[in-house]
There are 2 protein chains.
Amino acid sequence: MGVGLRHEPAEAVLTRGLSGDEVGGTLCDTASVPPAPRPTLEDVAARAGVGRGTASRALSGSTGVRESTRTTVLAAARDLGYRPNAAARSLVTRRTGMVTLALWEPIDRMFADPFLAATVRGLGRVLRQHDHRLVLLPLEADDDPTDALDYLRDGHTDGVVVVSSHGPHDLGTALAGRDVPVVRIGRALHDDGLPWVDVDNLTGGRLAAEHLLDRGCRSPAHVTGALETHAGWVRRQGYRVALAAAAENVAPREVEGDFSWESGRAGALVIMSSWPDTDGIFAASDAAATGVLAALADLGVSVPGRVRVVGFDDSPLSWASSPRLSTIHQPIAELGERAGRRLLEVLGIAGVTTSGSDAAQLLPVRLVERAST
Amino acid sequence: MGVGLRHEPAEAVLTRGLSGDEVGGTLCDTASVPPAPRPTLEDVAARAGVGRGTASRALSGSTGVRESTRTTVLAAARDLGYRPNAAARSLVTRRTGMVTLALWEPIDRMFADPFLAATVRGLGRVLRQHDHRLVLLPLEADDDPTDALDYLRDGHTDGVVVVSSHGPHDLGTALAGRDVPVVRIGRALHDDGLPWVDVDNLTGGRLAAEHLLDRGCRSPAHVTGALETHAGWVRRQGYRVALAAAAENVAPREVEGDFSWESGRAGALVIMSSWPDTDGIFAASDAAATGVLAALADLGVSVPGRVRVVGFDDSPLSWASSPRLSTIHQPIAELGERAGRRLLEVLGIAGVTTSGSDAAQLLPVRLVERAST
DNA sequence: TTGAAAGCGCTAACAT
DNA sequence: ATGTTAGCGCTTTCAA
């Protein structure tokens, strides 16, 4: 603000030359055009010379309307520039055609999340196919979610997709049984009965560990993700499963992390000092794996020469790091699609069904081999 | 999909151990709880022993209700878990309390945009202060915007904020005069009368160029932004203004770019081969400036030794580059706030006014000096 | 200060 | 196949 005071808008002069006409956008175009009230269905019906009911049926593509009548009505609607009033319609249908993706995390992180874009794309595509629309509801993570919950419950939206949050707060739980259908992307640590879709983190963890073993690692270690998240917990399970199945039954070496770069770095330092003969590290996220790489570089440990490293996510980090990271790829866009489909199914949208089995909700992951292993 | 077929959900076994109870989220909790219809205002009124009108007044904090009555009604509402039906309310009030930030660009870019987070934060904060809520409407850039326009016009939202898009498509123009108030962040190249807020790009361009001159550059050059955008055009204007005002009246050296990294790189190559004595480069964005740095590094030209480089945006790129980039900082969050305030003003929200002058809508920028100059 | 009643614009059930 | 009518749940006159 202090800066603003001393600010001199030199631009005022020059832009006039650019824009030609008035600059700045008129606040009110008053006195130019009378408000021109939006035409209602009534108007359309009148112009088409039919009753309101017929007009409604014609416009909504409902059956039982003579073709010629429909044409007339459609023409009238077009001529008038008619658009149905969303509130009136949804008051009676109890539907809005909207689905909300609730984003409850720090806004900066939200827009730095490489998965969000893919999620939005997949989700949006499916919804569009079924004449629904996606909107995003950004919530500051530390905000009181009360009024956001109200928004979600008050009939603005037909359904909600929540991205399973890490931590104590959970929008999904808060919304469960609260007037509005919810589908979760990623599971809650403790199942609360909400429908969900998820990637197969267990197999992912197993694949990562097996890959290390295949590469000849005899003493692999794991920097876990946040263990209060389902993903973190289960990825570790997968790691354990693989080691337990290994011929020589190697003992798991584990350090608890939280998916962050810093936890990866710290974890690697702990691992290499506790178990100096460690020859492979599986980090529960690419961010953490990148931290592991940094730590190993600092220690002068060669990768993959002396220690092999595998991450999880196949995020942009994994190919920007050096050496480029072997990692577990997740089909995020498809996850979004599945979430959308599942929600539409819950909403009872015609033609949308998904197998109800767990397996169908669990999307496959795959190992991507790069230079770090 | 092919992968999915051969996918084996090993997890089914183990998660059962984790979650304890049933896994996967029940699709329907049928037969457990009868639908439990949401209480309406009628119900609240009945429980409070008053008429519907009184209940409405009490709940909406309207004056002319005996205090005891209000208390009773509020209690009844709380007991019933009453929430007003959004559709019914907005049908009569013609207001929704919602503002939409329309995002019409490739979704991947959208979520990589370092400014979007700040915009959302600033905008959301202001709206919240005035009991409005922000939702984001993501549109695939290549999508047909028709149905998105319909959404925006059909009464779902009280107002729209558009981030001035680069290119021929422009949501703002498409929405102008179309039933719904619009405020633009960043101006259109040719003023179309829509209200807008913007940063002072002219001064920004001037500051960047003056900074180069101050540093002793005698032969500065400019890689412009996309000249079909207002920002690109005006930043160049600022550059020209500074050079024209310089004592020795240096001739502007300009290469047209488009804000991208690649255009910065290509532009620098052209500049250094066309005018080898160039000793300063102003790039119209940090991304482009980073490209300039890359090109100069390839050419073995030292920065800032032989050529000084200044960018624009103060994005994360500017401090991640090497050398760290001198650049023009923009108050993005405040820009979002201003946009929100301006929109609320247009909506006639009590207590919100902004000076209508251009100057007030033009936010100051400032030079941030780092290592590249 | 409060109750009763009139819609907001639409869909759906009921007549015709 | 089409016109008429009854609401959806709320706010807002208009009386009382």
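Convention: sequence-line order gives letters A, B, ...; per-chain numbering from 1. Worth saying up front: this structure is predicted, and the values here are computed from it rather than measured.
Rounding to whole angstrom units, CG of residue A/L59 and P of C/dG9 are separated by 16 Å. The separation between A/L91 atom CG and C/dG9 atom P is 12 Å, rounded to whole Å. Distance CZ (A/R94) to P (C/dA12): 12 Å, rounded to an integer number of Å.
Across the interface with DNA chain C, nearest-nucleotide mapping of B/T63 and A/A87 shows B/T63 to be the residue nearer the 5′ end. Toward the 5' end of DNA chain C, the nearer of the two residues B/R70 and A/R57, judged by each one's closest nucleotide, is B/R70.
Remark: B/T69 is in phosphate contact with C/dT2, judged by side-chain N or O atoms under 4.0 Å from OP1 or OP2. Look at B/T54 and you'll find a side-chain N or O under 4.0 angstrom from OP1 or OP2 of C/dG3.
The residue from A/L103, A/L136, A/I332 that alone fulfils the side chain to side chain contact (heavy atoms under 4.5 Å, CB included) condition with A/V120 is A/L136.
No more than 12 heavy-atom neighbours from other residues, nucleotides or ligands sit within 6.0 angstrom of CZ on B/R178.
A/D113 contributes no side-chain N or O that, together with a main-chain N or O of A/M110, makes up a donor-acceptor pair within less than 3.5 Å.
What you find for A/T157 and A/L152 is that their closest heavy atoms are CG2-O, 3.7 Å. Heavy atoms only, all atoms of each residue included: A/P39 and A/L80 are closest at CG-O, 3.3 Å.
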**OP:** Check step by step if side-chain contact (heavy atoms from CB on, under 4.5 Å) holds for B/L343 and B/L127.
**Re:** CA-CA 9 Å; B/L343 187 54; B/L127 294 177; 5.6 Å; no

Subject >> Worked check of side-chain contact (heavy atoms from CB on, under 4.5 Å) between A/L59 and A/L74 >> reply: CA-CA 7 Å; A/L59 288 168; A/L74 259 43; 3.8 Å; yes

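Listed by residue number, the members of residues 40-53 of chain A with any heavy atom below 4.0 angstrom from DNA chain D are A/G49, A/V50, A/G51, A/R52, A/G53.
If you walk DNA chain D from 5' to 3' and mark each nucleotide with an atom closer than 4.0 Å to a heavy atom of chain B, the marks span D/dG9 to D/dT13.
Using a 4.0 Å cut-off between a side-chain N of Lys or Arg and a carboxylate O of Asp or Glu, A/E345 and A/R341 do not qualify as a salt bridge.
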